[in-house]
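Hydrogens, waters and symmetry mates play no part in the numbers below; they use all other heavy atoms, side chains included. Every chain is numbered from 1 and lettered A, B, ... according to where its sequence line falls, protein lines coming before strand lines.
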Number of protein chains: 2
Amino acid sequence: MARVGLTAERLTQAGAELADEVGFDQVTVSALARRFDVKVASLYSHLKNSQDLRTRIALLALEELADRAADALAGRAGKDALTAFANVYRDYAREHPGRYTAARLRLDPETAAASAGVRHSQMTRAILRGYDLTEPDQTHAVRLLGSVFHGYVSLEMAGGFSHSAPDSQESWSRALDALDALLRNWPAP
Amino acid sequence: MARVGLTAERLTQAGAELADEVGFDQVTVSALARRFDVKVASLYSHLKNSQDLRTRIALLALEELADRAADALAGRAGKDALTAFANVYRDYAREHPGRYTAARLRLDPETAAASAGVRHSQMTRAILRGYDLTEPDQTHAVRLLGSVFHGYVSLEMAGGFSHSAPDSQESWSRALDALDALLRNWPAP
DNA sequence: GCGTTTGCCTAAAGGTTTTAGGCAAATTAG
DNA sequence: CTAATTTGCCTAAAACCTTTAGGCAAACGC
């Protein structure tokens, strides 16, 4: 029996590709085994269970997203940084819908705390340094930005803005304009 | 064999309750059959398949949400309307997490067009009549509001804002303040 | 080369989905 | 009020996914 060289990492990577191809909730241990031309039970030496696989894909997606975001943020500030950061999310979701869905998987608190999710909020805070916000407004703004980015991308991914004028790209640009204006003019309580 | 009186409607209703109890993606034809103390195959006289069940729950949730929103909007305008409308979403998601998740199910275009989803966008537009926006800015604003509401509720539901100061309620209020300010002062392109 | 570890295997049990065909309860008609 | 028809829930069965247990052979360490 020739060994294929399965590892948790390769399985996670292949699972992420599978997610992008067939949708995150169609990612199954069986489908992954087929992809490696290997019996299903063999995967259980590398994965605790099906949920473990999904979690690993989620963590991978969070890392990839954070890496891209860090790249995009380098050398930028203000609205430039805001736009670049936001576009990373949107572009990633378009390129990797399955991974993006995975990144939204609910993680248990310890896993979440050890994930790249914390880099995401740190970077959002970094962007806000280009605006004149102090605590607790900065936290409110972090949450609002996260909501808009995730909300817009998620609705767009669900097809909410297709087949209707104006173009979604236009609304996205205007949403970023609006957020920039809002952050420069954050209302007092 | 005593008849239980299954109908698509009763199954949908029970499915929605099940979703709130165990999570939308744990809603299964089998679990529903157990709940009615009936054999699984019996449900297939009333439901096309598993996806049909999920779609029906989604449509139910969209209707309920739209009804609540219409109630909340009656007699309100401006920021008052905005806040009431937004709170309907958030409260519904807290009360009925499974149904809320269902409401975000991707529907095929015809189903979506015949769903209560269209009432939702009509109501969002109605709120914007209290602000001074004309097309295409109104559409951009509709999309932004949808993104914020869905994004915030979704992140909050995923536990993103718990266990950290300030309170999520506070951020929510400030987000609504911010949106109101933004709509009153919508930036030119 | 030899022993140990490790990787993929077979086997098997349990759960969900879905279809096909049957019997009895409910409904309709004479 | 009974007889015919419709309808509802059933049993049976196939297909697929998940997960555990135990085995054999390939890879590795000495």
Roughly, in whole Å, what's the span from [atom1] in [X] to [atom2] in [N]?
{"X": "A/Leu43", "N": "C/dT10", "atom1": "CG", "atom2": "C1'", "answer": "15 Å"}
{"X": "A/Leu6", "N": "D/dA26", "atom1": "CG", "atom2": "P", "answer": "17 Å"}
{"X": "A/Lys39", "N": "D/dT19", "atom1": "NZ", "atom2": "P", "answer": "19 Å"}
{"X": "A/Leu11", "N": "C/dG7", "atom1": "CG", "atom2": "C1'", "answer": "12 Å"}
{"X": "B/Glu9", "N": "D/dG8", "atom1": "CD", "atom2": "P", "answer": "12 Å"}
{"X": "B/Asp25", "N": "D/dT18", "atom1": "CG", "atom2": "P", "answer": "14 Å"}
{"X": "A/Leu32", "N": "D/dC16", "atom1": "CG", "atom2": "C1'", "answer": "16 Å"}
{"X": "A/Leu47", "N": "D/dT20", "atom1": "CG", "atom2": "P", "answer": "12 Å"}

Please tell me if [X] has a side-chain N or O lying less than 4.0 Å from either OP1 or OP2 of [N].
{"X": "A/His46", "N": "C/dC8", "result": "yes"}
{"X": "A/Arg34", "N": "D/dC16", "result": "no"}
{"X": "A/Ser42", "N": "C/dC9", "result": "yes"}

Which pairs count as salt bridge (charged side-chain N to carboxylate O under 4.0 Å, His left out) when at least one residue sits in residues 129-148 of chain A, sequence neighbours excluded?
A/Arg125-A/Glu135, A/Asp137-B/Arg174
Please, which pairs that meet salt bridge (charged side-chain N to carboxylate O under 4.0 Å, His left out) have at least one residue in residues 111-120 of chain B, sequence neighbours excluded?
B/Glu63-B/Arg119, B/Asp67-B/Arg119
Give me each pair satisfying ring pair (Phe, Tyr, Trp, His ring centres under 6.0 Å) with a member in residues 54-74 of chain A, each pair once, sequence neighbours excluded.
none
Could you note down all residue pairs passing ring pair (Phe, Tyr, Trp, His ring centres under 6.0 Å) where residues 166-189 of chain B supplies at least one of them, sequence neighbours left out?
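Ring pair (Phe, Tyr, Trp, His ring centres under 6.0 Å) check on residues 166-189 of chain B returns B/Tyr152-B/Trp172.
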Pull out every protein N or O sitting under 3.5 Å from an N or O of nucleotides 17-20 of chain C, one pair per line with the distance.
from, atom 1, to, atom 2, distance (Å)
C/dT17, OP1, B/Thr28, OG1, 3.0
C/dT17, OP2, B/Thr28, OG1, 2.6
C/dT17, OP2, B/Val29, N, 3.1
C/dT17, OP2, B/Ser30, N, 3.1
C/dT17, OP2, B/Ser30, OG, 3.3
C/dT18, OP2, B/Tyr44, OH, 3.1
C/dT18, OP2, B/Ser50, N, 2.7

So if I take the C1' atoms of five pairs at each end of the helix from C/dG1-D/dC30 to C/dG30-D/dC1 and get each local axis, what angle do the two axes make, rounded to 10 degrees?
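Here the local axes at opposite ends form an angle of 10°.
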Can you give each donor-acceptor pair under 3.5 Å made by side-chain atoms of residues 4-19 of chain B, sequence neighbours left out, with the distance rounded to 0.1 Å?
from, atom 1, to, atom 2, distance (Å)
B/Thr7, OG1, B/Glu9, N, 3.4
B/Thr7, OG1, B/Arg10, N, 3.0
B/Arg10, NH1, B/Val4, O, 3.1
B/Arg10, NH1, B/Gly5, O, 2.9
B/Thr12, OG1, B/Ala8, O, 2.6

Applying side chain to side chain donor-acceptor pair (under 3.5 Å) as the test, list every pair that has at least one member in residues 18-28 of chain A; sequence neighbours left out.
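Qualifying pairs, neighbours excluded: A/Asp20-A/His96, A/Asp20-A/Arg99, A/Glu21-A/Arg35.
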Side chain to side chain contact (heavy atoms under 4.5 Å, CB included) involving B/Asp108 - partner list, sequence neighbours excluded:
B/Glu110, B/Thr111
In a table with atom names and distances, give each donor-acceptor pair under 3.5 Å that connects a side chain of residues 46-53 of chain B to protein atoms at least two apart or in another chain.
from, atom 1, to, atom 2, distance (Å)
B/Asn49, OD1, B/Gln51, N, 3.1
B/Asn49, OD1, B/Asp52, N, 2.9
B/Ser50, OG, B/Arg54, NH1, 3.2
B/Ser50, OG, B/Arg54, NH2, 2.9
B/Gln51, OE1, B/Arg54, NE, 3.4
B/Gln51, NE2, B/Thr55, OG1, 3.4
B/Asp52, OD1, B/Arg56, NE, 3.4
B/Asp52, OD2, B/Lys48, N, 2.8
B/Asp52, OD2, B/Arg56, NE, 3.3

Using a 4.0 Å cut-off on heavy atoms, which residues in residues 14-24 of chain B reach DNA chain C? List them by number, or say none.
none
Without swapping roles, check the side chain of B/Arg76 against the backbone of B/Ala72 for a donor-acceptor pair under 3.5 Å.
yes
Taking ring-ring contact (aromatic ring centres under 6.0 Å, His included) as the definition, give me every residue that meets it alongside B/His120, ordered by chain and number, with sequence neighbours left out.
B/Tyr89
Just so I know, are the side chains of B/Leu82 and B/Leu145 near enough to count as touching, which here means a heavy-atom distance under 4.5 Å?
yes
